[in-house]
Number of protein chains: 2
Amino acid sequence: MNIRVAIVEDDPDIRQSLSLLVRGTPGYELCGAFESAEAALEGLPGVRPEVVLMDINLPGRSGIECVRQLKAGRPGIQVVMLTVFDDSEDLFNSLSAGASGYLLKRTPPARILEAIAEVHRGGAPMSPQIARMVVEKFFPADVARPRKVELSGREEEVLQLLSQGYRYKEIAAALGLAVDTVHSHLRRIYEKLHVTSRTEAVVKFLQR
Amino acid sequence: MNIRVAIVEDDPDIRQSLSLLVRGTPGYELCGAFESAEAALEGLPGVRPEVVLMDINLPGRSGIECVRQLKAGRPGIQVVMLTVFDDSEDLFNSLSAGASGYLLKRTPPARILEAIAEVHRGGAPMSPQIARMVVEKFFPADVARPRKVELSGREEEVLQLLSQGYRYKEIAAALGLAVDTVHSHLRRIYEKLHVTSRTEAVVKFLQR
DNA sequence: CGTCCGTTAACCCGTTTGGGCGATTGCCGG
DNA sequence: CCGGCAATCGCCCAAACGGGTTAACGGACG
């Protein structure tokens with residue numbers, strides 16, 4: 001049996017992409033796509049979805065409120081929230097409104113399909129960053145801290161300067177190194193931290 | 001009368017630059033330049049400096065320890081610490097060791113000369129970022145909070161995504177905008193926050 | 001009604017960054 | 001003595017970024 005999926009998403013482009021994704025994949029079936037919370041509440045009951053992909057940032061009333069009302073009427077419907085912001089406020093409100101999954105829109109298409117299947121069989125799919133927020137909510141402090149990335153002394157220094165907004169050449173000047181050396185250190189740092197840009201590295205550094 | 005200045009700095013390039021700066025400016029006089037804490041403690045008493053520019057990250061023993069010993073023998077000598085790292089640990093240790101000024105090496109040359117003069121007449125020159133750390137140490141929380149930068153809703157969203165490590169085109173995709181539009185928003189954000197790079201903006205955002 | 005501002009978008013242009021190589025020098029620990 | 005790793009520097013190249021400038025549109029506000 002196909003999984004009946006409905007989509008609530010205001011951005012036409014994204015709605016289109018998601019629709020194509022669901023319709024184009026065997027085992028999934030698109031039973032509706034809505035561009036607002038109002039339209040969704042109006043139309044959803046008629047199309048009997050099993051899983052709803054719900055954008056959280058809808059223009060009129062929020063996707064969170066939409067979920068609450070939807071679950072009130074049809075508690076059996078499973079909802080996966082989609083958002084571009086990893087805001088913890090939204091996350092917990094969504095979960096308490098009855099959403100089971102929570103994905104960032106960055107999530108690759110294949111992962112979204114998996115998530116639909118997971119939520120359909122009772123799971124609670126969420127992006128790793130999101131899962132982390134949940135864990136930290138209930139196990140504050142250090143349980144969730146395998147933060148054991150071992151940077152060498154030099155790498156630590158380079159990262160610190162990077163986090164102060166220095167450019168490659170400024171770091172080089174400050175530490176008395178060649179720019180290419182800084183470049184090398186940065187590549188190793190990114191590798192160790194599993195990131196691909198200075199910003200991600202800085203975020204990890206600032207939240208040590 | 002010229003101000004007698006001594007320099008303690010291991011990096012030959014920087015030592016050279018500082019030496020030239022001091023020697024080339026009327027009203028200042030270079031009475032010694034040392035490349036290590038040991039050499040400085042050995043040679044400083046003989047050259048009778050009034051102000052010492054002290055690098056904090058010396059290879060052997062730290063510039064902080066050097067200051068402590070120096071001030072123990074000649075409390076009248078004024079010390080300005082120089083560092084590339086805005087580490088609060090180092091800052092407070094330096095101040096308790098007897099340093100009066102604290103500058104980041106990014107400081108423009110003219111400002112360094114000013115600092116020497118200021119410390120010489122009893123002031124406590126420090127880089128703005130450093131001064132802020134001191135203030136926040138003694139007035140925690142909100143006294144030091146003129147953080148009233150008013151970003152518009154859209155700008156707030158763009159900045160949040162930027163702080164999650166999104167690239168321009170990813171932000172554009174996430175918000176349904178053209179890359180050039182994101183570019184525009186970013187320029188305004190940088191202007192409002194008085195920064196010139198994504199990293200500086202992210203740092204300000206994360207410490208809201 | 002005119003003006004400011006937020007939002008959108010585009011063009012140009014130089015600089016910065018990130019990734020993929022490779023290479024040398026030390027030092028440490030088996 | 002050899003392998004591994006930190007630290008250093010190099011070259012190439014494409015993509016991303018930051019800044020300058022311009023411009024259209026719509027709402028807000030006096």
Side-chain angles (χ1 to χ4, degrees), chain A residues 10-14 57-60 84-85 106 148-205, chain B residues 10-14 57-60 84-85 106 148-205:
Chain A
D10 64 308
D11 184 303
D13 292 344
I14 300 181
N57 299 106
L58 294 172
V84 289
F85 303 113
R106 261 211 281 205
K148 278 295 189 181
V149 193
E150 264 315 326
L151 293 184
S152 71
R154 210 40 155 179
E155 287 162 357
E156 201 70 54
E157 292 180 331
V158 171
L159 180 53
Q160 165 143 30
L161 292 177
L162 195 81
S163 301
Q164 284 172 45
Y166 282 60
R167 275 165 280 133
Y168 284 15
K169 58 163 60 169
E170 290 179 322
I171 296 175
L175 297 179
L177 298 176
V179 174
D180 279 325
T181 303
V182 174
H183 191 181
S184 289
H185 286 309
L186 261 306
R187 275 177 297 217
R188 282 196 64 80
I189 291 171
Y190 289 174
E191 199 185 329
K192 287 185 179 179
L193 297 183
H194 308 293
V195 300
T196 58
S197 72
R198 81 193 283 112
T199 305
E200 295 173 287
V202 167
V203 170
K204 291 216 171 189
F205 176 79
Chain B
D10 63 307
D11 184 303
D13 291 345
I14 301 180
N57 300 107
L58 294 172
V84 289
F85 304 114
R106 261 211 281 205
K148 279 293 187 182
V149 193
E150 264 314 326
L151 292 185
S152 72
R154 209 42 156 177
E155 287 161 356
E156 201 70 54
E157 292 180 332
V158 171
L159 180 53
Q160 165 143 29
L161 293 177
L162 195 80
S163 300
Q164 286 172 44
Y166 282 59
R167 278 165 278 132
Y168 283 16
K169 59 162 59 168
E170 290 178 323
I171 296 175
L175 298 180
L177 297 175
V179 174
D180 279 325
T181 304
V182 174
H183 191 180
S184 290
H185 286 308
L186 261 307
R187 274 178 297 219
R188 302 218 54 189
I189 292 171
Y190 290 174
E191 198 186 331
K192 287 186 178 179
L193 297 183
H194 308 295
V195 299
T196 58
S197 73
R198 75 198 287 111
T199 305
E200 295 173 286
V202 167
V203 169
K204 291 216 172 190
F205 176 79

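Order of the sequence lines sets the chain letters (A, B, ...), proteins ahead of strands, with each chain counted from 1.
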Q. Just how far is it from atom CD of B:Gln164 to atom CG of B:Leu159, taken to the nearest 0.5 Å?
A. 10.5 Å
**Q.** Quiz item: A:Arg187 side-chain donor-acceptor pair to C:dG20 base, under 3.5 Å
**A.** yes
Q) Rounded to the nearest 0.5 Å, what separation is found between the NZ atom of A:Lys192 and the CD atom of A:Glu155? A) 3.5 Å
Q: Shoot me the first and last contacting nucleotide of DNA chain D against chain B, ordered 5' to 3', at under 4.0 angstrom to non-hydrogen atoms.
A: D:dA16 to D:dT21
(Q) Ignoring hydrogens, what is the shortest heavy-atom contact between A:Gly165 and B:Ser197? Give both atom names and the distance. (A) O-OG, 4.3 Å
Q) Looking at CD1 of A:Ile171 and NE2 of A:His185, how far apart are the two atoms once the value is rounded to the nearest 0.5 Å? A) 10.0 Å
Q. Does the distance from a Lys or Arg side-chain N to an Asp or Glu carboxylate O, for A:Arg154 and A:Glu157, drop under 4.0 Å?
A. yes
Q: Please report the shortest heavy-atom distance between B:Tyr168 and B:Arg198, naming the atom on each side.
A: CE1-NH1, 3.6 Å
Q.
Less than 4.5 Å apart, side chain to side chain, heavy atoms only: is that true for B:Glu156 and B:Gln160?
A. no
Q | Of residues 157-169 of chain B, the positions that come close to DNA chain D - non-hydrogen atoms, cut-off under 4.0 Å | A | B:Arg167, B:Tyr168, B:Lys169
Under 3.5 Å, which donor-acceptor pairs do the side chains of residues 173-183 of chain B form with other protein atoms, sequence neighbours left out?
unit_1, atom_1, unit_2, atom_2, d
B:His183, NE2, B:Arg187, NH1, 3.4

Q. Between the two end axes of the helix from C:dC1-D:dG30 to C:dG30-D:dC1, each built from 5 base pairs, what angle do you get to the nearest 10°?
A. 50°
Q) Between B:Ser197 and A:Arg154, which is nearer to the 5' end of DNA chain D once each is assigned its nearest nucleotide? A) A:Arg154
Q) Looking at residues 170-186 of chain B, who's got a heavy atom less than 4.0 Å off DNA chain C? A) B:Leu177, B:Ala178, B:Asp180, B:Thr181, B:Ser184, B:His185
Q: List in chain and number order the residues that pass ring-ring contact (aromatic ring centres under 6.0 Å, His included) with B:Tyr190, two or more places apart in sequence or in another chain; answer none if no residue qualifies.
A: none
(Q) How many whole angstroms separate atom CZ of B:Arg198 from atom C1' of C:dG18? (A) 12 Å
Q.
Quick check: do B:Glu200 and B:Val203 have side-chain heavy atoms less than 4.5 Å from each other?
A. no
Q) Is B:Lys192 near enough to C:dC5 that one of its side-chain N or O atoms lies under 4.0 angstrom from OP1 or OP2? A) no
Q: Please report the closest heavy-atom contact between A:Lys204 and A:Val195, naming both atoms and the distance.
A: CE-CG1, 4.1 Å
Q. Does some side-chain heavy atom of A:Leu162 sit less than 4.5 Å from a side-chain heavy atom of B:Thr199?
A. no
